[in-house]
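By convention in this document, chain letters (A, B, ...) are assigned in the order of the sequence lines, proteins followed by strands, and residues within each chain are numbered from 1. Computed from heavy atoms alone, side chains included, the values below leave out hydrogens, waters and symmetry copies.
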There are 2 protein chains.
Amino acid sequence: MAAQRGEGDGVVTSPEAPADVRERARAIPEAAVARLAVYLRVLSGMVEQGVTTISSEELAGAAGVNSAKLRKDLSYIGSYGTRGVGYDVEVLVSHIERILGLTRKHSVAVVGIGNLGHALANYGGFPSRGFPVAALFDIDPDLTGVPVGGIPVNHIDDITSVCAEREVSIGVIATPPQAAQAVCDRLVSAGVQCILNFAPVVLQVPDYVEVRKVDLAVEMQILSFHVARRADEAAGDVVNGIGVDGVVIRP
Amino acid sequence: MAAQRGEGDGVVTSPEAPADVRERARAIPEAAVARLAVYLRVLSGMVEQGVTTISSEELAGAAGVNSAKLRKDLSYIGSYGTRGVGYDVEVLVSHIERILGLTRKHSVAVVGIGNLGHALANYGGFPSRGFPVAALFDIDPDLTGVPVGGIPVNHIDDITSVCAEREVSIGVIATPPQAAQAVCDRLVSAGVQCILNFAPVVLQVPDYVEVRKVDLAVEMQILSFHVARRADEAAGDVVNGIGVDGVVIRP
DNA sequence: TACCGCTTGTGAACGCTTGCACAAAGTCGG
DNA sequence: CCGACTTTGTGCAAGCGTTCACAAGCGGTA
């Protein structure tokens with residue numbers, strides 16, 4: 001990835017307080033960030049249930065991870081637990097939100113208003129979590145101006161101006177694969193540095209742009225792999241009894 | 001590794017090498033499986049363009065990975081390249097398909113016919129890749145019988161019988177979070193062993209069930225984290241529009 | 001205050017993944 | 001047939017991420 005990351009950076013950073021947060025943020029492993037988001041959701045549920053304190057064991061259970069891993073993850077963002085007691089739920093929530101940058105609004109633009117684009121535009125989970133959908137784009141002139149999920153669709157040619165104007169920080173690509181790279185290029189030149197890509201293509205972007213991809217076909221194929229592996233195991237390992245290539249199982 | 005590999009002899013791999021394939025499949029790292037699916041897509045595109053041979057360097061470039069990694073990934077499924085030349089595209093495609101279990105049909109059931117469920121039911125990418133949508137379910141009686149994307153919706157209470165009857169091997173959960181665990185339990189008791197979960201919940205399942213989750217909120221929050229990190233970096237390290245490594249924030 | 005039990009935070013070991021570098025193995029031109 | 005050139009396949013080392021195990025720290029109790 002970023003090839004020229006300053007390694008032994010004795011780079012004297014500003015002695016200000018934020019330097020602490022910054023240094024720490026840089027050190028958090030990618031995998032841990034993903035889990036922090038999960039913890040956050042579980043914790044939000046806890047708050048609503050009136051839970052005020054939670055132990056690493058409980059939280060880990062609810063999040064589906066090992067408790068040691070959870071504690072290590074939390075240690076990346078600082079030590080806010082109380083030994084012998086656990087974590088204060090609200091404190092934890094606010095710290096995770098801060099680290100994940102959820103204290104700011106992140107305006108989202110969705111490009112490609114097909115089936116998926118519609119679903120995304122109408123998806124209530126975004127705005128409620130601090131990700132307001134600020135703009136929609138499509139190449140079809142017939143769609144232009146038509147409101148979807150309360151937001152009028154703009155023509156794709158206006159990406160640059162509209163994104164800049166509405167301070168879009170996250171672009172979501174829900175176009176057919178053929179159009180994805182071109183759309184991506186436009187988003188990047190509009191100043192969007194974070195992209196969520198639903199199109200089944202490998203996007204080429206400059207180093208400073210962060211891309212995350214959600215690829216349904218790949219997910220399905222990974223599951224397919226496991227089905228196959230299981231069937232093979234059954235064929236090979238099951239001596240007597242359950243089916244060969246059909247359904248097996250249920251211990 | 002492959003302990004009893006027949007060396008030197010020009011052993012033509014029989015169309016079926018059950019034990020061999022099985023042993024190998026078990027050894028493939030999870031991360032590599034995900035990449036194999038990506039390679040497969042790139043290769044499919046190559047086939048359509050009439051490309052017959054491709055080098056690891058080219059394929060790696062198109063798939064966005066390091067060429068050494070690609071070669072190692074391919075070595076997990078066997079050595080089908082020709083030194084000095086590269087890989088035969090069609091041969092590679094068929095071997096990856098075999099390993100990923102794409103030689104069988106994997107019927108899919110989608111549960112929860114809301115915005116997302118609609119989009120999934122209409123999504124052309126599934127059937128064309130060997131994942132026919134065989135059943136749709138929803139809890140709303142008004143939807144029952146209504147065809148979506150050509151398939152009539154069944155009531156959720158019929159999951160067990162319908163899934164068994166249509167040999168569903170993959171369940172897709174696109175319900176609201178509150179319903180997800182219950183739906184999951186029903187799918188599992190219907191014999192479904194692979195689940196793709198779009199609901200923002202951590203599902204509890206028996207060991208033998210494989211779950212993959214696609215969590216939009218988490219993806220957005222990871223991107224948010226990067227936005228925040230970047231902003232912090234800018235605040236701390238940017239002198240005058242120039243970032244740490246001389247990278248301009250906005251070209 | 002002093003002790004006890006519980007839970008955090010983290011050093012250290014382990015294992016998986018990545019990337020390098022190069023021998024092996026093939027093609028191609030003469 | 002040979003030698004130059006190309007590209008694969010893989011041993012090896014470095015880097016992360018995960019897990020274990022336990023000392024340190026805190027609240028509760030007498």
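Looking only at distances, a side-chain donor or acceptor of A:His106 sits under 3.5 Å from a matching main-chain atom of A:Gly101. Without hydrogens or angle criteria, B:Ser224 side chain to B:Met220 main chain gives no donor-acceptor distance under 3.5 Å. Side-chain atoms of A:Ser55 come within 3.5 Å of backbone atoms of A:Glu58 as a donor-acceptor pair (strictly under, hydrogens ignored).
Rounded to the nearest 0.5 angstrom, A:Leu92 CG and A:Leu36 CG are separated by 9.0 Å.
An OP1 or OP2 oxygen of C:dC20 is reached within less than 4.0 angstrom by a side-chain nitrogen or oxygen of B:Asn66. At C:dG9, none of the side-chain N or O atoms of A:Ser75 fall inside 4.0 Å of OP1 or OP2 (strictly under the cut-off). Under 4.0 angstrom from either OP1 or OP2 of C:dT7 there lies no side-chain N or O belonging to A:Ser55.
Within the 4.5 Å cutoff, the side chain of B:Val192 has heavy atoms near those of the B:Ile195 side chain.
In this structure, B:Glu30 atom CD and C:dT18 atom P are separated by 12 Å, rounded to whole Å. In this structure, B:His95 atom NE2 and D:dT8 atom P are separated by 17 Å, rounded to whole Å. Following rounding to the nearest Å, B:Tyr80 (OH) and D:dT7 (C1') show an atom-to-atom distance of 19 Å. Rounded to whole angstrom, the span from the CG atom of A:Leu59 across to the C1' atom of C:dT7 amounts to 14 Å. The CG atom of B:Leu70 sits 14 Å away from the P atom of C:dC20 (whole-angstrom rounding). Atom CD1 in A:Ile54 sits roughly 10 Å away from atom P in C:dT8 (whole-Å rounding). Separating the CZ atom of B:Arg71 from the P atom of C:dG26 is a distance of 16 Å, rounded to the nearest angstrom. Atom CD1 of B:Ile77 and atom C1' of D:dG9 are 13 Å apart (whole Å).
Of the candidates D:dG17, C:dG11, C:dG19, C:dG11 carries the atom nearest the A:Lys72 side chain, counting heavy atoms from C-beta on. Between C:dG9, D:dT19, C:dT18, one nucleotide has an atom nearer to the side chain of B:Arg35 than all others, and that is C:dT18. When the nucleotides D:dG9, C:dT8, D:dC20 are ranked by their closest atom to the side chain of A:Tyr87, C:dT8 comes out on top. Nearest to the side chain of A:Ser79, among C:dG19, D:dT19, C:dT10, sits C:dT10.
Between B:Gly86 and A:Ala32, the residue anchored closer to the 5' end of DNA chain D is B:Gly86, taking for each the nucleotide with the nearest heavy atom.
Of the residues B:Arg35, B:Arg41, B:Arg212, the one that meets the salt bridge (Lys or Arg N to Asp or Glu O under 4.0 Å) test with A:Asp215 is B:Arg41.
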Protein-nucleotides 26-28 of chain D N/O pairs under 3.5 Å:
residue : atom : partner : partner atom : Å
D:dC26  : O4'  : A:Arg83 : O            : 3.4

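Ionic pairing of A:Glu219 and B:Lys213 is not present here: no N-O contact between side-chain nitrogen and carboxylate oxygen is shorter than 4.0 angstrom.
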